[in-house]
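Letters go in sequence order (proteins before strands), and every chain restarts at 1. Being a predicted model, the structure only gives us computed values, none of them experimental.
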There are 2 protein chains.
Amino acid sequence: MTETGEKFDRINAIPAYQLVADAIEREILARRIRPGEPIGTEAQLVKQFGVNRSTVREGIRLLEQSGLIHRDSGRRLTASLPHYSRLATRMSRAMLLHEVTFRELWEATTALEIATVEQAAEHATADVIAELQANVASTEQASADPAAVAELDTQFHSLIAKASQNRVLQLAREPSSLLIFPTTEIILRKLKEGVPRLIQAHRKIVDAVSRHDKEASRLWMLRHANDWRRGFERAGKDVDQPIDRVYMKEVMTR
Amino acid sequence: MTETGEKFDRINAIPAYQLVADAIEREILARRIRPGEPIGTEAQLVKQFGVNRSTVREGIRLLEQSGLIHRDSGRRLTASLPHYSRLATRMSRAMLLHEVTFRELWEATTALEIATVEQAAEHATADVIAELQANVASTEQASADPAAVAELDTQFHSLIAKASQNRVLQLAREPSSLLIFPTTEIILRKLKEGVPRLIQAHRKIVDAVSRHDKEASRLWMLRHANDWRRGFERAGKDVDQPIDRVYMKEVMTR
DNA sequence: GACGATCTGATTGTCAGACAATCATACTAT
DNA sequence: ATAGTATGATTGTCTGACAATCAGATCGTC
C-alpha cells in the first residue's frame with residue numbers, strides 16, 4: 001500500500017510553528033507535562049525553541065483548538081485533558097458537513113445506546129440511579145412542554161452513559177447523539193402520543209437498570225429507539241435525507 | 001442546570017484571533033464557502049476583518065488544526081471536509097490521556113463492530129466483498145507473520161466499516177479501533193492458535209456478509225471479539241489496566 | 001494584625017513593518 | 001515545443017513596540 005513505485009518521497013518542509021506545536025504535544029502525550037501543569041510563558045518558549053514569539057504563538061494556537069492546552073484563569077497556559085464535549089462537537093460538525101442521513105445516525109445511535117444501557121445495567125451505582133429517577137420525575141412534570149421533554153431526554157441518555165462507567169462508550173456516543181437528539185423535540189411537537197411513550201420507556205429502562213437486568217434494559221432501549229424512528233417517519237421526515245441544518249442550532253453555536 | 005443563582009454571567013472577552021476563526025468557521029459550516037473553495041489570501045482577510053496579519057494567522061492556525069481548512073498545494077488556503085482519520089486520531093489521543101482500560105475499549109469496540117457488520121451484511125456491494133475476500137486471502141498467506149496479520153486485521157475491519165455504508169458508524173468506530181487493534185499483534189505473538197482462529201472468523205464473516213446473512217455475521221463477529229478478549233487475558237494482560245502507551249506508537253507519531 | 005488601596009513587573013493580545021523563500025505566471029530564447 | 005528567466009504575489013519568520021490585564025509586593029489606615 002505504501003509502495004507507490006515512485007522514487008522519491010514527497011518533500012515537505014514542516015513550518016516552524018508546526019514543529020513547536022508537535023514538540024509541546026509530544027511532551028504532553030508522553031506525560032512529561034501533566035494535565036494541569038503550566039506549559040510555560042511565551043517568553044520561555046521563545047527561549048527554549050529559539051524562534052520568534054509570533055511563531056510560538058501560532059504553534060500554541062494549533063494546540064489550543066484540540067483542547068490539549070488551555071488558558072487557565074484567562075492568562076497562563078496549562079496542559080489539560082481534552083474534554084469530551086469539545087471533541088464531540090467537532091465530530092458532529094464533521095458529520096454535518098458530510099451530510100449524513102438520519103438513517104445512518106439512527107443506526108449508529110441505536111447500537112451505541114443499547115450497548116451503553118447494557119453496561120449501565122451492569123455498573124450503575126445508587127446515586128446515578130437516583131439521578132435517573134429524578135430525571136424521569138422531572139420529565140413527567142414537564143410532559144406538556146415538548147422542548148423541556150426533549151432537553152430532559154438528552155439528559156436522560158447522558159445519565160445512562162454516565163451510569164455505564166465506560167468512558168469510551170461515553171465518548172463514542174456523544175457525537176451522534178448531539179446530532180440526533182434535537183430531532184426529539186420536532187417529533188414530540190408533532191406527535192401527541194410521543195411523550196407518554198417516551199416516559200414509559202424511560203421508566204422501564206430505569207427500572208431495569210436499577211435491577212441490573214441487562215436483558216430488560218436492552219429490550220426497552222430498543223423499543224425506545226424504534227419509537228423514535230417511527231416518530232421521525234410519522235412526523236413526515238425522510239430518513240434518507242441529510243440531517244437538516246435547521247435542527248442543529250445548538251451544534252453550530254459554540 | 002444553567003441556573004446557578006449568580007447574578008452576572010462570567011465576563012469573558014473573546015480575543016480577536018478567536019473571532020476571526022469563528023467567523024471563517026461559520027462561513028464554512030453555513031456552506032457559504034464550499035469545501036475546496038479558497039478562503040482568500042492572508043492580505044485579503046486582513047482587509048476584510050480589519051485586524052493585523054498576525055491576528056489573522058493565529059485565527060487560521062486554530063482552524064487548520066480541526067481540518068476545516070487546508071493548505072492546498074503548499075500555498076493557498078482552501079476550505080475542506082475534515083477527514084475522519086484526523087478526528088479519530090485526536091479522539092484516540094484523548095482516550096489515551098484519560099487512561100481508558102482495555103475493558104472499556106473492548107466493550108465499546110465489540111458493540112460497534114457488531115453493529116457495523118450487521119449493516120455491512122445489509123448493504124455490502126460486490127466490490128467491497130471482493131476486497132474482503134482478497135484481504136482474507138492475504139491474511140492466509142501472511143499467517144506466519146503476526147505483524148502482517150495484525151495489519152491485515154485492522155484493514156479487514158475497516159473494510160467491514162466501508163461495506164456498512166454508514167459514515168456515522170465508520171466515524172464512531174475508528175477512535176476505539178485505532179487504540180485497540182494494535183493489541184492484536186501482541187496477542188498473536190504470544191498465542192500460536194490465534195492466527196487460525198482469526199482467519200476462520202474473518203472467513204465466516206465474509207461468507208455471512210456476502211450472503212447478506214445478518215444473524216450469522218453478528219454471531220461470528222461476536223465470537224471474533226470474544227476470542228480477542230480471551231487472547232488478551234491469556235497473553236497475561238490485565239483488562240482493567242489503562243491501555244499502555246507501549247502499544248500506541250502508531251497513534252502518537254502522526 | 002486585618003483590610004483595602006496602590007504600585008510594579010510580568011504576561012498576553014495586538015499592531016506596524018520588514019525580509020527571504022517560494023510559488024504562479026508571463027515572457028523570452030533556443 | 002521546451003527550457004530558461006524575470007516579475008509580482010504570498011507565506012513563513014523576524015524585530016520591535018505598546019496597551020491591557022494579572023500576580024504580587026508594598027503601603028497606609030483602622
* Structure fact -> Applying side chain to side chain contact (heavy atoms under 4.5 Å, CB included) to A147(A) and not counting sequence neighbours gives D145(A), E185(A), R189(A)
* How many Å lie between CD1 on I39(B) and C1' on dT11(D), as a whole number? -> 16 Å
* Quick one: is Y17(A) getting a side-chain N or O under 4.0 Å of the dG12(D) phosphate, OP1 or OP2? -> yes
* **Separation of atom CD1 in I14(B) from atom P in dG13(C), rounded to whole Å** => 13 Å
* To do: Can you sort out the partners of E151(B) under salt bridge (charged side-chain N to carboxylate O under 4.0 Å, His left out), two or more places apart, ordered by chain and number?
  => none
* To do: Mind jotting down which residue pairs meet the ring-ring contact (aromatic ring centres under 6.0 Å, His included) criterion with at least one end in residues 20-62 of chain B? Sequence neighbours excluded, please.
  => none
* Asked: So, E37(B) and R34(B), do they make that salt bridge, N to O below 4.0 Å?
  -> no
* Asked: Can you name the side chain to side chain contact (heavy atoms under 4.5 Å, CB included) partners of T41(A), sequence neighbours left out?
  -> A43(A), Q44(A)
* Asked: Within this structure, what is the NZ-to-C1' distance between K47(A) and dA10(C), rounded to whole angstrom?
  -> 13 Å
* Does R57(B) put a side-chain nitrogen or oxygen below 4.0 Å from OP1 or OP2 of dG12(D)? -> yes
* Structure fact -> Taking dT12(C), dG12(D), dT14(C) as options, the one with an atom nearest any side-chain atom of T41(A) is dT12(C)
* To do: Could you state the atom-to-atom distance from CG of L45(A) to P of dA10(C) in whole Å?
  => 17 Å
* Does R61(A) place a side-chain N or O at less than 4.0 Å from the phosphate oxygens OP1/OP2 of dG13(C)? -> yes
What side-chain donor-acceptor pairs closer than 3.5 Å can you find for residues 126-135 of chain B, not counting sequence neighbours?
residue : atom : partner : partner atom : Å
D127(B) : OD1  : T125(B) : OG1          : 3.3
E131(B) : OE2  : K162(B) : NZ           : 2.8
N135(B) : ND2  : L152(B) : O            : 3.1

Listing time: all N or O pairs from protein to nucleotides 16-21 of chain D that are below 3.5 Å?
residue : atom : partner : partner atom : Å
dA17(D) : N6   : R53(A)  : NH2          : 3.2

* Ionic contact status for R31(B) with E99(A), cut-off 4.0 Å -> yes
* Structure fact -> Rounded to whole Å, the CD-C1' distance (Q18(A) to dT13(D)) equals 15 Å
* Structure fact -> Atom CD of E42(A) and atom C1' of dC22(D) are separated, to the nearest Å, by 14 Å
* CD of E58(B) versus P of dC15(C): gap in Å, rounded? -> 10 Å
